[in-house]
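From a predicted model like this one, the values you see are computed outputs, not experimental measurements. Both backbone and side-chain heavy atoms feed into the values below; hydrogens, waters and symmetry mates do not. A, B, ... follow the sequence lines: proteins, then strands. Residue 1 opens every chain.
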Amino acid sequence: MAGGAVIENLSNRKLFVIFAGLLVIQIMFFLIGAWYAPSPSSYMEFEMITCRDETKGLSGEWIHRDNCQQISELSEYTPSSFDLREIVFIAKMPHTRDGIELEYSPWFQFLLGVLHVDVEYSEHFKYVAHAPLELEVRMGYRDKESKKNEWKELVTSNVTRILECTIAEDEKKAGGTYDCDMLDLFELGSSSYPFYLINIRIPINQQACQFDNKSANCQIGKLTGLRLIEIHQNGGFTLVWLWTKTFMTPVVAICLWWYYNRINQLARNPLLLERAILLLGLSLVILDFPIEWISLTYRIPFLLLISDLRQGLFYTVLFSFWLIFAGEHLIDDNTRNNLKSYRFNLSFIITASLGLLIYDLIERGIQLYDPFYSVWSSPTGSQIAYFAIFISAISTVAYFIFLFFKIARVWSTIKSKRSAQIYQTSENRRLKVEGVIYRFKFLMLFTLLCSAFTIAAYFMKQYGEAQLHGDEARDGFLTGSTSAFFTGAFGMCNIYVLLLLAMYAPSHKHYRGASQLIDENDDDEIMEDPSNQHTESNAMTTFLKPSTD
Amino acid sequence: MHINTPVLLAIIYFLVFAPKSADAWWLLSKTDTSSANSGSSPILCKNVPGLTPQQKRMCHENPNIIKYLISGLRSALHTCEYTFQREAWNCTLTLPGVGTSPLQIASRESAYVYAISAAGVSHSLARACSKGLIDDCGCGETPQGSGSVAVSQASSRSSSDFVWAGCSDNVKFGNTFGRKFVDQYDRQHATEPRSQMNLHNNRVGRRLLVNAMNKECKCHGVSGSCVTKTCWKVMPKFDEFASRLHQKYQLAKLVTNNDQKLTVRSSPSAGSSGRSERFARNMDASSKQMRNELIYLDASPNYCAIDVKDRECGENCPNICCGRGWRTTREIVDEPCHCQFVWCCEVKCKTCKKLVERNYCL
């Protein structure tokens, strides 16, 4: 980086004012989340109604509440055939509440369904561990204008999942229940239809079961019911979230533009670190850009995938930036300003992001065509998924180990330079080294501060969630903390990058022509602007004072 | 079952055994819900004597809800019978030998029956809500529903609240409606100790039901991470809840009526000296420690006064038969076996013979 970044030339007072301003903005982000936004997501529970359908679904007719021949108690029902397609589990989403027919709104952004299978212990129909469960699912939708039960086909799918249940020994009696893991049923990347209807059949093939009892639905035990939990993002949260994004995008974009102009005005080519910061700013603009507004009018199911990709991009760039930043501050390392010298460490980040990218593309990508797809449902799929996530986790850990190693090296270099005091001979050179150290320390501290804030907020959120779902206390102090965490973390992220863009931009006070960070051949530039130095104490000098004394 | 017989029966029960109308609404459990399907539930409400005017009005206005209320009440009493089948009192609400309905005595059995009925009603209503069978179920409280105007132009509050912050409470509706209907009589007589006891036990039943709910969570952050997580509460199976309540029944506290307030003598621990006896305090029944405890006013009647002849007593014969001895018979019963692979229902199985031993009181 150029010999003078903005940060080095800021007075104490200015720095303090900037920090105080940012702190206020940060607190505002938290407060918006805590007070104004509702919790990020909510759920609705659907205990599926069991109906009888003599046509076994061949007629293609939708079974809904109004034409349902309800089976009140499944265990007392005598089916007329053995493939059990005549039993249909239905749920209309969402429920009617307070006598008003509720509607799903595009504000919900996504809609996902989790299925709970209630299995009862039975001597005759035994559940066997890892039993494959196959569901014939039909999902229909209805527009606001269409008639009450005029359902249109959205998707028909054969869903296979592995049913994992456990039971305590003393529950193994008639009426005892298994404790089953919930199953991911569907995930819709947009929720633009107001009503959905789900029909589920659980067919059974007697021949296949006799031939091979590992066939689908032969070992699932005695089902007493299906429960569907639907989860969506709250409209209120989407609104707050979108507005914060809409508000932040131009701010970051302007700042980025200013930064870009600054480095363009330099007489030399931009340094690697400057380009890294530019890229970081760019990825933040991409992350912030409120593309979701479109989803409120148009149906774009791939938005969920895009927002995942944007987040992935941002974190990849951020991690790379940290690495480059630490590397560029190794004062005596002469391999600096060259991306190639980082390729070993960068490869960890690339591997980690690629692993997650592949996983996300498979899971979310296929869900665009079949919302009922889950990569975890097939053994091969889950192996691939596990592999991708495992590789990513390993790479991330390796990355952080190398990053900390690098930071430790920078620290030790700084220390040795200080103690040797070798740069004291040349005033100009000393100041340059001090500048490097100061920049490094500043970012280190600021990064630590931000991560500490984020971690604290995360625990606050966890605590708040525990409080919310505790036995009695419903309105605890931290119940709005989940949204506060998200808006707060978002604000933190933005402030962090904004501050980087502003503080680490080349200062054009003195150094427009500066070429390289620490030239071995010292030039004779004078660092201090006399007027500045004498009127206000420089932030850098006070910051470094304790260690230089 | 004919439609009229149970109603008739109900009236007879009422006239003979329940001269006080406090527990009249129980008679709903004897009515036939199948008649409610055909829209004749207003008649059903009229036919149960002793309902307060408000109860009658609620019954008349919400026939669909009453249907599930009745089925909840019925399953509560059924569960009660199942739970107590091996005890001296087998949850019968009519005791010929005692000469009065056990509910008339403010015993711990009454306490249990009130609690389980209140909870059964809530449970059944909540389930009907989550099945989408009752359109009047509430949205639940939305903690931060204040700024909801901006999101949706929907004129109705409930709809925009739903868009703003979701709608997820089923139990609350069950509890609220149950409280309005079930507690109706006792709330009007809230000064009487017996009504206070009933109200308390009803509340305990509902609260225990809410506390017995399990929490489940789903993580749905980026790539399925737990950064975003949604949790919900799952209603326990009613049997599960009933066994919890049975423990409370065994620990039920005797209270005394002090100046229109029910107080419990905080019992010093067993085997304590007279010294600690002196410090035994009177505790208000509405205090925090008592919020989850069943309370009763009178000792239980002697259930051995009942004719227990030919009652099946299982493993607990000395107790149930009250020392009158029992006989063991061996019977051959038919049991289904070698059934088809099916996941739910009653299907054709082969019949196997099995020898079982059964005990009956003499």
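Side-chain polar atoms of A:Thr238 and A:Gln233 form a donor-acceptor pair below 3.5 angstrom. A donor-acceptor pair shorter than 3.5 Å cannot be found between the side chains of B:His200 and B:Glu293. Looking at A:Asn234 and A:Ser42, their side chains do bring a donor and an acceptor atom within 3.5 Å of each other.
Between the side chain of A:Thr50 and the backbone N or O of A:Ile71, at least one donor-acceptor pair lies under 3.5 Å.
Note on A:His95, A:Glu45, A:Glu103, A:Met44: by heavy-atom pairs under 4.5 Å with chain B, the leading option is A:His95. Per-residue heavy-atom pair counts under 4.5 Å with chain B were compared for A:Lys92, A:Met182, A:Lys126, and the maximum is reached by A:Met182. For chain A, the option among B:Gly132, B:Cys137, B:Ala128, B:Cys129 with the highest count of heavy-atom pairs below 4.5 Å is B:Cys137. Highest contact tally toward chain B, considering only A:Ile49, A:Leu228, A:Leu102, is held by A:Leu102 [criterion: heavy-atom pairs under 4.5 Å].
Only the side chain of A:Gln70 has a heavy atom closer than 4.5 Å to any heavy atom of chain B. Heavy atoms of B:Cys217 lying under 4.5 Å from chain A belong exclusively to its backbone. Only the side chain of A:Ile229 comes within less than 4.5 Å of a heavy atom in chain B; its backbone stays farther off. Residue contact with chain A, scored on non-hydrogen atoms closer than 4.5 Å, involves the backbone of B:Ile134 exclusively. Only the side chain of A:Glu120 has a heavy atom closer than 4.5 Å to any heavy atom of chain B. The contact between B:Asn170 and chain A is made entirely by side chain atoms (from C-beta outward), counting heavy-atom distances below 4.5 Å. B:Lys131 touches chain A through backbone and side chain together, each having a heavy atom under 4.5 Å away.
Between B:Thr230 and the options B:His220, B:Lys218, B:Glu216, a side chain to side chain donor-acceptor pair (under 3.5 Å) holds for only B:His220.
Note on ring orientation: taking the six-membered ring where Trp is involved, the planes of B:Phe162 and A:Tyr104 are tilted (angle from 30° to 60°).
Counted within 6.0 Å of CZ on B:Arg206, heavy atoms from surrounding residues, nucleotides or ligands total more than 12; the atom is thus considered enclosed.
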